[in-house]
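Everything on this sheet refers to the single structure shown next.
Numbered from 1 within each chain, the chains take letters A, B, ... in sequence-line order. Owing to the predicted nature of the structure, the values given are computational and were not obtained by experimental measurement.
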Amino acid sequence: MNKKINTDIEILKSLNPEQQKATSHINGPLLIIAGAGSGKTRVLTSRVVYLIKNNVLPWNILALTFTNKAAKEMKHRIAELIDLQSADRVWAGTFHSIFARILRSEAELLGYNPYFSIYDADDQLSVIKKVMDLLQISKQQYSPQAIRAVISSNKNKMMSWRDFLKTADTPFDKKVVEVFKEYELYLKNTNAMDFDDLLLNMVKLLSLSNEILEKYQNKFKYILVDEYQDTNRVQYHILKLLAKAHQNICVVGDDAQSIYRWRGADIRNILDFQKDYPHGKTIRLEQNYRSTKTILKASNSVIKNNKNQIEKALWTENHEGDLIDVTECEDDRKEAEYIAKQVMEKSNKGLMKKDIAVLYRTNAQSLALENSFRMRSIPYVVVGGLSFFKRKEIKDVLSYIKLLINPLDNEALIRIVNEPPRGLGKTSIDHLSAFGRHKGISLFESFEIAEQNPNLQKRATKASKRFAGMINKYRELISSTSPDVLAKNLIEESGLIEMYEEISTDDSSDRLNNINQLLTDMSLYFNSNDELTLNDYLQQTSLATDYDEKDTSQDKVTLMTLHTAKGLEYEQIIIAGMEQGLFPLIRSEFSKDEEEEERRLFYVGLTRAKENLLLTYSRKRMKFGEVSNQIPSRFLEEIDSELLNFPNRRALTANGGRNNKKMNDFLSSLSNKKTPSKKNWSSEKKSEYNQIPQEENYSQINPTNERNDNAHLKVGDKVQHSSFGIGRISGLKGSGPKRQAVVRFDTVGRKMLMLKYAKLKIIE
DNA sequence: TAAAAAATCGTTTTT
DNA sequence: CGATTTTTTA
């Protein structure tokens with residue numbers, strides 16, 4: 001290692017002065033404010049290399065990244081610059097994966113066992129639903145989704161259910177407290193942690209004793225954090241604890257690219273860095289190496305509309321570049337076709353397809369794009385969306401293995417017990433689980449002693465014993481059989497494969513393929529290193545994302561959300577769906593903060609482009625299975641017009657959309673009339689952007705041929721709902737059978753109701 | 001108990 | 001519209 005010290009100069013040579021300063025800073029806190037495309041990843045990597053070359057031991061370095069892929073890339077580059085062994089011994093990974101690893105080895109100290117399961121958002125939701133059933137809380141009245149979100153956001157703020165109890169004043173919040181409490185108990189009892197626990201338990205671990213704290217402070221003498229602007233308060237606390245002794249913490253971030261506030265990311269983390277480390281140094285990287293002057297100017301002109309931001313001046317020596325194309329399309333299908341056509345043209349001109357990315361705000365938008373790409377046989381890859389490991393059949397297979405490893409994992413157990421059908425339906429499970437609770441044993445144990453259960457039918461008893469027997473048989477083989485063979489045999493005996501073979505539809509053969517692919521992946525995994533266990537595999541899969549296995553060797557166009565695009569760059573970026581309500585998303589209409597976050601997301605999107613940008617929007621878009629009229633995004637107006645090639649710009653300033661709205665609605669209602677379905681009157685999803693008051697607008701063109709008991713409802717009316725109780729109408733939208741009311745209920749808060757179903761009674 | 005039919009929802013973004 | 005949940009029926 002030492003012999004390479006004299007190559008220090010080599011590492012620094014290709015860096016600009018600021019980058020050099022950042023790289024060669026060894027001891028003490030360091031904040032790097034790094035603008036988009038300023039080479040921050042490069043600096044981070046060179047800094048790790050520099051540390052190692054200055055005799056810092058690789059295993060004393062903790063490098064926390066936002067994705068597993070970023071960590072892998074970093075290791076790869078370190079290996080190139082030093083050697084593979086050193087690179088492998090650096091602790092590089094995401095917060096979640098590194099801490100999960102540590103928590104496994106220290107599990108007992110926190111009252112878990114090392115084989116704890118990791119629950120993702122779907123598992124969380126399923127636990128919450130069970131808990132709600134148990135507590136007899138109506139899932140109709142209180143959305144499990146919403147409860148999940150509140151629980152998670154509390155955990156992100158380090159608030160326990162006890163803390164939340166103090167501030168919970170609405171009936172909804174009080175229910176959340178109940179569920180929260182029971183949820184935590186359930187997870188603990190099933191030896192499981194959710195994603196938030198992986199961070200929270202790390203704080204708990206480090207707070208356990210000075211001995212433990214020092215152990216990890218000394219293990220991680222040098223800490224580097226990428227994407228610091230997107231860390232939450234829990235992560236902040238962990239870092240503070242770890243860095244306290246040696247103060248060697250280097251964080252890199254760009255407040256302008258903070259796009260995960262909704263997930264608990266707290267911008268204070270970056271703003272308070274100087275307060276927390278008064279002796280810390282701050283370095284700004286402001287030269288952009290990625291984009292053309294035009295793209296950079298456009299990005300800057302957009303982001304300057306945000307009030308909350310750290311002043312900075314991003315500049316570039318790159319050439320001026322082409323204007324940014326903006327194209328209006330008739331509807332989302334035409335938009336997708338247009339994009340496919342543009343991709344073809346660019347490709348014919350010599351641009352590689354893998355240098356093109358299409359970005360969109362919501363995953364749902366990928367469908368139209370995929371169709372048009374398939375139609376033209378353009379090779380593409382969708383990143384994100386439904387991840388491989390979130391597919392039903394894959395989760396089923398993994399649940400068999402989870403149950404093998406962690407017998408307490410009820411989620412896994414309930415998931416697979418009747419998959420394939422074994423004659424153990426809801427009734428049997430309820431009996432089994434009630435018996436388990438009564439006896440104070442786990443659910444799996446109550447399967448084992450099913451014959452003692454008086455409520456269980458003979459058939460179900462037999463099936464329970466048989467199922468438990470099968471799992472136990474394989475559990476005993478764990479130590480003596482190679483993991484991949486064990487898994488394969490278990491899955492074969494489970495009957496899962498047989499089941500899909502028998503169904504033999506397109507869908508089931510897809511699923512079969514996926515299962516085989518998983519089994520192949522497992523044998524590759526275990527053959528690479530015979531130290532690895534099934535537990536390691538589960539750990540890896542539960543924290544894996546599709547995004548991590550992106551294959552750049554093939555020439556394919558990339559499709560992904562704007563969020564997923566963070567940290568990436570392409571020659572050509574296409575952003576689809578530049579429409580009010582979609583991007584920025586509808587909710588941001590009501591909150592300045594959310595609007596600013598949307599704008600930062602747009603900034604992220606724009607700054608992904610090296611050479612060319614194309615922005616598209618549609619006049620009409622299918623939403624909820626019906627046509628909705630769209631208005632171009634206000635973000636388009638925020639880009640200096642001289643930077644745009646925008647033939648339809650008039651449409652923005654002349655406000656064509658709004659003026660023609662009435663006529664459009666009338667015309668579309670006429671054409672829809674032909675089909676005598678309940679979709680007669682094209683509803684107005686976008687009404688909040690419509691300046692014309694809805695009610696008047698419709699009463700004129702909508703002959704009241706529809707029987708509607710609630711036609712006379714007005715904003716401000718006090719109404720009674722059969723299950724939600726009393727509330728006041730705060731908004732009305734839509735017409736005919738699709739007419740909806742926004743009602744603020746005393747008990748459950750804001751609800752959007754279809755008048756056709758809701759049967760509201762006017763009280764005042 | 002399980003399959004088929006009907007009803008009810010719901011859309012951000014993800015480690 | 002499509003996915004998921006609830007209800008009905010065999």
Verify stack between A/Phe195 ring and B/dT15 base, 5.5 Å, 30 degrees: no

Quick one: A/Glu597 CD to B/dT14 C1', roughly how many Å, whole number? 12 Å

A/Arg148 CZ to B/dT14 C1': how many Å, rounded? 10 Å

Could you tell me how far apart A/Gln257 (CD) and B/dT13 (P) are, to the nearest whole angstrom? 20 Å

Rounding to an integer number of angstrom, what distance separates B/dT11 and C/dT6 when you compare their C1' atoms? 22 Å

Minimum-distance nucleotide (side-chain atoms of A/Trp262 versus B/dT11, B/dT15, B/dT13): B/dT13

In terms of relative ring orientation, are A/Phe583 and A/Phe635 parallel, tilted or perpendicular, with 30° and 60° separating the classes? perpendicular

Considering every strand and a 4.0 Å limit on heavy-atom distances, what is the contact class for A/Phe95: base, sugar-phosphate, or nothing? nothing

Can you check the A/Leu125 CG to C/dT4 P distance for me, whole Å? 12 Å

Could you state the CG-C1' distance from A/Asp122 to B/dT15, rounded to the nearest angstrom? 14 Å

Rounded distance (Å) that lies between atom P of B/dA2 and atom CZ of A/Arg422: 11 Å

Going by heavy atoms in the side chains, are A/Met202 and A/Leu241 under 4.5 Å from each other? no

For B/dA6, give the paired nucleotide (Watson-Crick: N1-N3 plus N6-O4 or O6-N4; G-U: N1-O2 and O6-N3; both under 3.5 Å), or none. C/dT5

Quick one, A/Glu73 and A/Thr41 - any side-chain contact, counting heavy atoms below 4.5 Å? no

Separation of B/dT14 C1' from A/Leu198 CG (nearest whole Å): 14 Å

Per A/His563 side chain, nearest of listed nucleotides B/dT1, B/dT14, C/dT5: B/dT14

Looking across every strand, which nucleic acid part, if any, lies under 4.0 Å from A/Thr427 by heavy atom: base, sugar-phosphate, or nothing? sugar-phosphate

Within the structure shown, what part of the strands sits under 4.0 Å from A/Lys392 by heavy-atom distance: base, sugar-phosphate, or nothing? nothing

Here's a test of your reading of the structure: between A/Leu199 and A/Gly423, which maps to the more 5' nucleotide of DNA chain B? A/Gly423

Would you mind telling me which residue lines up with the more 5' stretch of DNA chain B, A/Gln457 or A/Ile259, judged by nearest nucleotide? A/Gln457

Paired with B/dT13: which nucleotide, if any, by Watson-Crick or G-U wobble criteria at under 3.5 Å for both distances? none

Give the ring-plane orientation class for A/Trp262 versus A/Tyr260, where under 30° counts as parallel, over 60° as perpendicular and anything between as tilted. tilted

Regarding A/Asn418, tell me which of base, sugar-phosphate or nothing describes its non-hydrogen contacts under 4.0 Å with the strands shown. sugar-phosphate

Any side-chain N or O of A/Ser97 below 4.0 angstrom from OP1/OP2 of B/dT15? no

May I ask you to verify if any side-chain N or O of A/Ser428 is less than 4.0 angstrom from the OP1 or OP2 atom of B/dT1? yes

Hey, are the side chains of A/Tyr236 and A/Arg268 touching, using non-hydrogen atoms and a 4.5 Å cut-off? no

Which listed nucleotide (C/dT6, B/dT13, B/dT14) is nearest to the side chain of A/Lys139? C/dT6

For residues A/Lys130 and A/Val127, determine if any side-chain heavy atom of one lies less than 4.5 Å from a side-chain heavy atom of the other. no

Give the rounded distance in Å between these two atoms: CD of A/Gln145 and C1' of B/dT14. 14 Å

Does a side-chain N or O from A/Asn156 land closer than 4.0 Å to OP1 or OP2 of B/dT15, or not? no

